[in-house]
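I have placed the structure first, in the form of C-alpha coordinates, so that the comments after it can refer back to it.
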Amino acid sequence: MPDFLTDEEANVGLYNPQIIISLDNDADVGGTVDGTITTYDKQGRKLMSVDIDGMSIAPGQTSSILLCRTTDGVRTDGYTQVKAVPGLGDMVRRIPSRISFSASTHADDSRQSAIRFGHKYHIKPHFTFRAPLALASDACIVYNDTLNGWHNDIDDIELSEGAELLLRANVANKMPLSLTVSATAITPDGHAVPHDDILIDVSNTVRGSADGVNATVTPITIRLKECRKGAIKSIDGIALHVVATSPSDDASAAAVTLNSKRHTLRLTDIRVTMKGKVIGDFN
(Lines give C-alpha, C1' and ligand atoms only; values in the text may rest on other atoms or scores of the structure.)
Protein backbone atom coordinates (compact mmCIF):
# COMPACT_ATOMS: atom_id res chain seq x y z
CA MET A 1 0.00 0.00 0.00
CA PRO A 2 1.56 3.37 -0.97
CA ASP A 3 2.60 5.66 1.90
CA PHE A 4 0.35 8.50 0.74
CA LEU A 5 -2.69 6.34 1.55
CA THR A 6 -1.50 5.07 4.95
CA ASP A 7 -0.26 8.29 6.55
CA GLU A 8 -2.02 9.20 9.81
CA GLU A 9 -3.34 12.40 8.21
CA ALA A 10 -4.74 10.63 5.15
CA ASN A 11 -8.50 10.64 4.78
CA VAL A 12 -9.23 8.31 1.87
CA GLY A 13 -12.88 9.02 1.25
CA LEU A 14 -13.45 7.30 -2.09
CA TYR A 15 -16.13 8.71 -4.36
CA ASN A 16 -17.72 5.40 -5.33
CA PRO A 17 -16.12 2.14 -4.12
CA GLN A 18 -17.99 -0.99 -5.22
CA ILE A 19 -18.38 -4.51 -3.86
CA ILE A 20 -19.70 -7.29 -6.11
CA ILE A 21 -21.16 -10.27 -4.28
CA SER A 22 -21.87 -13.39 -6.34
CA LEU A 23 -24.04 -15.98 -4.59
CA ASP A 24 -24.11 -19.47 -6.13
CA ASN A 25 -27.32 -21.17 -5.01
CA ASP A 26 -28.07 -24.73 -6.17
CA ALA A 27 -31.30 -25.03 -4.16
CA ASP A 28 -34.79 -24.22 -5.43
CA VAL A 29 -35.15 -21.79 -2.53
CA GLY A 30 -34.81 -18.07 -2.82
CA GLY A 31 -34.51 -15.52 -0.07
CA THR A 32 -32.63 -12.53 1.27
CA VAL A 33 -29.32 -11.93 2.98
CA ASP A 34 -28.70 -9.33 5.68
CA GLY A 35 -25.03 -8.68 6.32
CA THR A 36 -22.47 -6.48 8.08
CA ILE A 37 -19.08 -5.46 6.71
CA THR A 38 -16.52 -4.57 9.41
CA THR A 39 -13.03 -3.14 9.00
CA TYR A 40 -10.08 -3.51 11.40
CA ASP A 41 -6.67 -1.86 11.75
CA LYS A 42 -3.27 -3.57 12.14
CA GLN A 43 -3.79 -3.96 15.89
CA GLY A 44 -7.10 -5.75 15.35
CA ARG A 45 -9.13 -2.78 16.54
CA LYS A 46 -12.48 -2.18 14.89
CA LEU A 47 -12.52 0.87 12.65
CA MET A 48 -16.15 0.87 11.51
CA SER A 49 -18.96 -1.31 10.24
CA VAL A 50 -21.69 -0.94 7.62
CA ASP A 51 -24.99 -2.86 7.66
CA ILE A 52 -26.34 -4.08 4.32
CA ASP A 53 -29.86 -5.46 4.38
CA GLY A 54 -32.14 -7.02 1.79
CA MET A 55 -29.70 -8.62 -0.66
CA SER A 56 -31.74 -10.98 -2.84
CA ILE A 57 -30.85 -14.63 -3.54
CA ALA A 58 -32.48 -16.13 -6.63
CA PRO A 59 -33.48 -19.82 -6.47
CA GLY A 60 -31.32 -22.33 -8.33
CA GLN A 61 -28.91 -19.88 -9.94
CA THR A 62 -26.13 -17.37 -9.33
CA SER A 63 -27.16 -13.95 -8.09
CA SER A 64 -24.82 -11.03 -8.77
CA ILE A 65 -25.30 -8.12 -6.38
CA LEU A 66 -23.55 -4.78 -6.83
CA LEU A 67 -23.07 -2.64 -3.73
CA CYS A 68 -21.95 0.94 -4.33
CA ARG A 69 -21.93 4.27 -2.54
CA THR A 70 -24.05 5.87 -5.28
CA THR A 71 -25.73 4.50 -8.39
CA ASP A 72 -25.08 7.73 -10.34
CA GLY A 73 -23.22 6.86 -13.53
CA VAL A 74 -23.00 3.14 -12.66
CA ARG A 75 -23.85 0.58 -15.35
CA THR A 76 -26.42 -1.79 -13.88
CA ASP A 77 -26.65 -4.34 -16.69
CA GLY A 78 -25.35 -7.80 -15.76
CA TYR A 79 -26.44 -7.58 -12.13
CA THR A 80 -29.51 -9.12 -10.56
CA GLN A 81 -29.58 -6.36 -7.95
CA VAL A 82 -27.89 -2.99 -7.43
CA LYS A 83 -27.96 -1.44 -3.97
CA ALA A 84 -26.76 2.01 -2.94
CA VAL A 85 -24.96 1.89 0.43
CA PRO A 86 -24.05 5.49 1.37
CA GLY A 87 -21.66 4.44 4.14
CA LEU A 88 -19.51 2.37 1.79
CA GLY A 89 -17.28 5.33 0.92
CA ASP A 90 -16.34 5.82 4.58
CA MET A 91 -14.99 2.30 5.03
CA VAL A 92 -11.53 3.11 3.68
CA ARG A 93 -11.01 6.58 5.14
CA ARG A 94 -8.40 4.77 7.20
CA ILE A 95 -6.97 1.92 5.10
CA PRO A 96 -8.00 -1.28 6.93
CA SER A 97 -5.71 -4.24 7.55
CA ARG A 98 -8.62 -6.71 7.54
CA ILE A 99 -12.24 -6.73 6.35
CA SER A 100 -14.82 -9.23 7.61
CA PHE A 101 -18.34 -10.01 6.39
CA SER A 102 -20.99 -11.68 8.54
CA ALA A 103 -24.45 -12.53 7.23
CA SER A 104 -27.75 -14.19 8.01
CA THR A 105 -30.06 -15.65 5.36
CA HIS A 106 -33.83 -15.81 5.25
CA ALA A 107 -35.85 -18.05 2.95
CA ASP A 108 -38.61 -16.58 0.83
CA ASP A 109 -41.79 -18.12 2.26
CA SER A 110 -44.01 -16.43 -0.33
CA ARG A 111 -43.24 -19.06 -3.02
CA GLN A 112 -43.32 -22.85 -3.09
CA SER A 113 -39.96 -24.62 -3.26
CA ALA A 114 -39.03 -28.24 -3.86
CA ILE A 115 -36.17 -29.86 -1.94
CA ARG A 116 -34.90 -33.44 -1.67
CA PHE A 117 -34.28 -34.87 1.75
CA GLY A 118 -30.77 -36.19 2.24
CA HIS A 119 -29.35 -34.00 -0.51
CA LYS A 120 -26.80 -31.33 0.37
CA TYR A 121 -27.41 -27.87 -1.00
CA HIS A 122 -24.84 -25.11 -1.09
CA ILE A 123 -24.82 -21.34 -1.14
CA LYS A 124 -21.32 -20.14 -2.05
CA PRO A 125 -20.45 -16.44 -1.87
CA HIS A 126 -17.70 -14.78 -3.92
CA PHE A 127 -16.55 -11.22 -3.33
CA THR A 128 -14.88 -8.66 -5.58
CA PHE A 129 -13.86 -5.22 -4.32
CA ARG A 130 -13.39 -2.37 -6.82
CA ALA A 131 -12.18 1.01 -5.64
CA PRO A 132 -11.23 3.45 -8.42
CA LEU A 133 -9.04 6.15 -6.88
CA ALA A 134 -11.59 8.93 -7.25
CA LEU A 135 -11.76 10.86 -4.01
CA ALA A 136 -14.86 12.19 -2.33
CA SER A 137 -15.12 15.94 -1.79
CA ASP A 138 -13.73 15.90 1.77
CA ALA A 139 -10.91 13.40 1.21
CA CYS A 140 -7.18 14.04 1.39
CA ILE A 141 -4.01 12.09 0.74
CA VAL A 142 -0.54 12.83 2.08
CA TYR A 143 2.81 12.72 0.27
CA ASN A 144 6.28 13.19 1.78
CA ASP A 145 9.51 13.73 -0.13
CA THR A 146 12.94 15.34 0.31
CA LEU A 147 15.12 17.67 -1.73
CA ASN A 148 18.62 17.22 -0.36
CA GLY A 149 22.30 17.16 -1.26
CA TRP A 150 22.83 20.88 -0.63
CA HIS A 151 25.34 20.65 2.23
CA ASN A 152 28.55 20.63 0.16
CA ASP A 153 27.37 23.65 -1.84
CA ILE A 154 26.42 25.87 1.10
CA ASP A 155 28.86 24.70 3.78
CA ASP A 156 31.19 27.61 3.01
CA ILE A 157 28.44 30.22 2.74
CA GLU A 158 27.37 32.64 5.44
CA LEU A 159 24.24 34.77 5.13
CA SER A 160 24.15 38.32 6.35
CA GLU A 161 21.23 39.53 8.45
CA GLY A 162 18.02 39.53 6.43
CA ALA A 163 19.41 37.33 3.64
CA GLU A 164 17.22 34.49 2.31
CA LEU A 165 17.52 31.32 0.26
CA LEU A 166 14.71 31.09 -2.31
CA LEU A 167 13.50 28.09 -4.32
CA ARG A 168 11.06 29.08 -7.07
CA ALA A 169 9.16 26.91 -9.55
CA ASN A 170 6.02 26.77 -11.65
CA VAL A 171 3.82 23.79 -10.82
CA ALA A 172 1.67 22.41 -13.65
CA ASN A 173 -1.01 20.27 -12.00
CA LYS A 174 -3.31 18.01 -14.04
CA MET A 175 -4.77 16.31 -10.98
CA PRO A 176 -8.22 17.42 -9.78
CA LEU A 177 -6.62 17.92 -6.35
CA SER A 178 -5.36 21.03 -4.62
CA LEU A 179 -1.96 20.71 -2.95
CA THR A 180 -0.96 22.38 0.30
CA VAL A 181 2.81 22.29 0.67
CA SER A 182 4.85 22.74 3.85
CA ALA A 183 8.57 22.21 4.35
CA THR A 184 11.14 21.63 7.07
CA ALA A 185 14.90 22.08 6.80
CA ILE A 186 16.89 18.88 7.39
CA THR A 187 20.50 18.08 8.32
CA PRO A 188 22.76 15.69 6.35
CA ASP A 189 21.69 12.83 8.65
CA GLY A 190 18.00 13.54 7.99
CA HIS A 191 17.09 15.23 11.27
CA ALA A 192 14.73 18.21 11.26
CA VAL A 193 16.27 21.62 11.89
CA PRO A 194 14.26 23.54 14.55
CA HIS A 195 12.12 26.38 13.20
CA ASP A 196 13.93 28.65 15.68
CA ASP A 197 17.06 28.09 13.55
CA ILE A 198 15.65 28.04 10.00
CA LEU A 199 12.25 29.51 9.21
CA ILE A 200 10.62 28.18 6.02
CA ASP A 201 7.66 29.78 4.31
CA VAL A 202 5.78 28.36 1.30
CA SER A 203 4.12 31.10 -0.72
CA ASN A 204 1.19 29.41 -2.39
CA THR A 205 -1.31 26.58 -2.52
CA VAL A 206 -1.08 24.60 -5.75
CA ARG A 207 -4.50 24.74 -7.41
CA GLY A 208 -6.08 21.60 -8.82
CA SER A 209 -7.11 21.07 -12.43
CA ALA A 210 -10.72 22.04 -13.01
CA ASP A 211 -11.43 19.02 -15.24
CA GLY A 212 -8.58 16.55 -14.68
CA VAL A 213 -7.44 17.10 -18.29
CA ASN A 214 -5.98 20.59 -18.62
CA ALA A 215 -3.14 21.63 -16.32
CA THR A 216 -3.48 24.51 -13.90
CA VAL A 217 -0.15 26.34 -13.44
CA THR A 218 0.67 27.83 -10.04
CA PRO A 219 3.91 29.68 -9.22
CA ILE A 220 5.35 28.65 -5.88
CA THR A 221 8.20 30.01 -3.75
CA ILE A 222 9.83 28.24 -0.82
CA ARG A 223 11.67 30.78 1.31
CA LEU A 224 14.35 29.78 3.85
CA LYS A 225 15.39 32.43 6.37
CA GLU A 226 18.13 32.04 8.94
CA CYS A 227 16.94 32.75 12.49
CA ARG A 228 20.18 31.72 14.20
CA LYS A 229 23.47 32.97 12.84
CA GLY A 230 25.29 30.22 10.95
CA ALA A 231 22.33 27.82 10.96
CA ILE A 232 22.28 27.68 7.15
CA LYS A 233 25.58 25.77 7.22
CA SER A 234 23.91 22.84 9.03
CA ILE A 235 21.24 22.05 6.44
CA ASP A 236 21.36 19.56 3.58
CA GLY A 237 17.96 20.28 2.06
CA ILE A 238 14.26 20.35 2.85
CA ALA A 239 11.63 17.73 3.67
CA LEU A 240 8.39 18.38 1.80
CA HIS A 241 4.99 17.55 3.29
CA VAL A 242 2.21 17.71 0.69
CA VAL A 243 -1.49 17.35 1.54
CA ALA A 244 -3.71 16.80 -1.52
CA THR A 245 -7.42 17.52 -1.13
CA SER A 246 -10.44 17.21 -3.38
CA PRO A 247 -12.29 20.42 -4.24
CA SER A 248 -15.24 20.59 -1.86
CA ASP A 249 -17.25 22.83 -4.19
CA ASP A 250 -17.01 20.78 -7.38
CA ALA A 251 -18.51 17.28 -7.24
CA SER A 252 -17.69 16.57 -10.90
CA ALA A 253 -13.97 17.20 -10.35
CA ALA A 254 -13.97 15.17 -7.16
CA ALA A 255 -15.44 12.19 -9.00
CA VAL A 256 -12.62 12.04 -11.58
CA THR A 257 -10.76 8.72 -11.30
CA LEU A 258 -7.05 9.38 -10.83
CA ASN A 259 -4.80 7.96 -13.54
CA SER A 260 -0.99 7.81 -13.22
CA LYS A 261 -0.41 8.49 -16.94
CA ARG A 262 -2.91 11.30 -17.38
CA HIS A 263 -2.88 13.08 -14.01
CA THR A 264 0.62 14.43 -13.59
CA LEU A 265 2.41 17.04 -11.52
CA ARG A 266 5.23 18.85 -13.33
CA LEU A 267 7.68 21.42 -11.97
CA THR A 268 9.21 23.82 -14.51
CA ASP A 269 11.48 26.86 -14.33
CA ILE A 270 13.08 25.68 -11.08
CA ARG A 271 15.41 28.33 -9.69
CA VAL A 272 17.40 28.47 -6.45
CA THR A 273 18.65 31.94 -5.58
CA MET A 274 20.02 33.83 -2.60
CA LYS A 275 18.61 37.22 -1.72
CA GLY A 276 20.72 39.63 0.27
CA LYS A 277 24.40 39.77 1.21
CA VAL A 278 26.28 36.46 1.10
CA ILE A 279 29.76 35.90 2.57
CA GLY A 280 31.81 32.97 1.26
CA ASP A 281 34.79 31.31 2.94
CA PHE A 282 36.57 29.41 0.17
CA ASN A 283 39.92 28.80 1.92
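Since the model is a prediction, treat every value here as computed from it, not as a measurement. All residue numbers in this chain count up from 1 along the given sequence.
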Query - Residue of the set Thr146, Ile198, Leu224 for which side chain to side chain contact (heavy atoms under 4.5 Å, CB included) holds with Ile238 - result: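 The option that passes is Leu224.
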**Report entry** Ser104 vs Asp34, side-chain contact (heavy atoms from CB on, under 4.5 Å): CA-CA, chis, key distance, verdict
**Finding:** CA-CA 5 Å; Ser104 59; Asp34 298 333; 4.1 Å; yes
Going only through I, L, V, M, F, W and Y residues with side-chain contacts under 4.5 Å, is there a path from [X] to [Y]?
{"X": "Val217", "Y": "Ile220", "value": "no"}
{"X": "Ile19", "Y": "Phe101", "value": "yes"}
{"X": "Leu167", "Y": "Ile235", "value": "yes"}

Side-chain donor-acceptor contacts of residues 48-63 below 3.5 Å, not counting sequence neighbours, with atom names and distances?
| residue | atom | partner | partner atom | Å |
| --- | --- | --- | --- | --- |
| Asp51 | OD1 | Thr36 | OG1 | 2.8 |
| Thr62 | OG1 | Asp24 | OD1 | 2.7 |
| Ser63 | OG | Ala58 | N | 2.8 |

Query raised in the report: What pairs with Asp196 under side-chain hydrogen bond (donor to acceptor under 3.5 Å, both in side chains), at least two apart in sequence or on another chain?
Result: none
Between atom [atom1] of [X] and atom [atom2] of [Y], what is the distance when rounded to the nearest 0.5 Å?
{"X": "Asp269", "Y": "Asn170", "atom1": "CG", "atom2": "CG", "result": "5.0 Å"}
{"X": "Gln81", "Y": "Leu23", "atom1": "CD", "atom2": "CG", "result": "10.0 Å"}
{"X": "Asp197", "Y": "Arg228", "atom1": "CG", "atom2": "CZ", "result": "4.0 Å"}
{"X": "Leu166", "Y": "Thr273", "atom1": "CG", "atom2": "OG1", "result": "4.5 Å"}
{"X": "Gln18", "Y": "Cys68", "atom1": "CD", "atom2": "SG", "result": "5.5 Å"}
{"X": "Lys225", "Y": "Ile200", "atom1": "NZ", "atom2": "CD1", "result": "13.5 Å"}

Report task. Looking only at non-hydrogen atoms, find the nearest pair between Gly208 and Thr216 and report the distance. Result -> O-OG1, 3.4 Å
Report task. Taking the side chain as every heavy atom from C-beta outward, state whether Pro86 and Arg69 have any atom pair closer than 4.5 Å. Result -> no
Which residue pairs pass the salt bridge (Lys or Arg N to Asp or Glu O under 4.0 Å) test with at least one member in [range], sequence neighbours excluded?
{"range": "residues 179-188", "value": "none"}
{"range": "residues 74-84", "value": "Arg75-Asp77"}
{"range": "residues 116-125", "value": "none"}
{"range": "residues 214-223", "value": "Glu164-Arg223"}

Report task. Spell out, as yes or no, whether a donor-acceptor pair under 3.5 Å connects the side chain of Ser209 to the backbone of Asn214. Result ->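 It does hold such a pair.
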Review item, side-chain donor-acceptor pairs of residues 179-191, under 3.5 Å, at least two apart:
| residue | atom | partner | partner atom | Å |
| --- | --- | --- | --- | --- |
| Ser182 | OG | His241 | O | 3.4 |
| Thr187 | OG1 | Asp189 | OD1 | 2.2 |
| Thr187 | OG1 | His191 | N | 3.2 |
| Thr187 | OG1 | His191 | O | 3.4 |
| Asp189 | OD1 | His191 | N | 3.4 |
| Asp189 | OD1 | His191 | ND1 | 3.4 |
| Asp189 | OD2 | His191 | ND1 | 3.2 |

Requested in this report: Not counting sequence neighbours, which residues clear salt bridge (charged side-chain N to carboxylate O under 4.0 Å, His left out) with Arg111? List them please.
Outcome: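 With neighbours one apart ignored, the set is Asp28.
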Query raised in the report: Can you list the residues that meet the salt bridge (charged side-chain N to carboxylate O under 4.0 Å, His left out) rule with Arg98, with sequence neighbours excluded?
Result: none
**Report entry** Atom NE2 of His126 with >12 non-hydrogen neighbours under 6.0 angstrom
**Finding:** yes
Report task. Verify the neighbour count for atom CD of Gln112: are there more than 12 heavy atoms of other residues, nucleotides or ligands below 6.0 Å? Result ->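 At most 12 heavy atoms, drawn from other residues, nucleotides or ligands, come within 6.0 Å of this atom.
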In the hydrophobic clustering (ILVMFWY, side-chain contacts below 4.5 Å, transitive), which residues join [X], or is it alone?
{"X": "Val213", "result": "none"}
{"X": "Ile20", "result": "Leu66, Val74, Tyr79, Val82"}
{"X": "Val29", "result": "Ile115, Tyr121"}

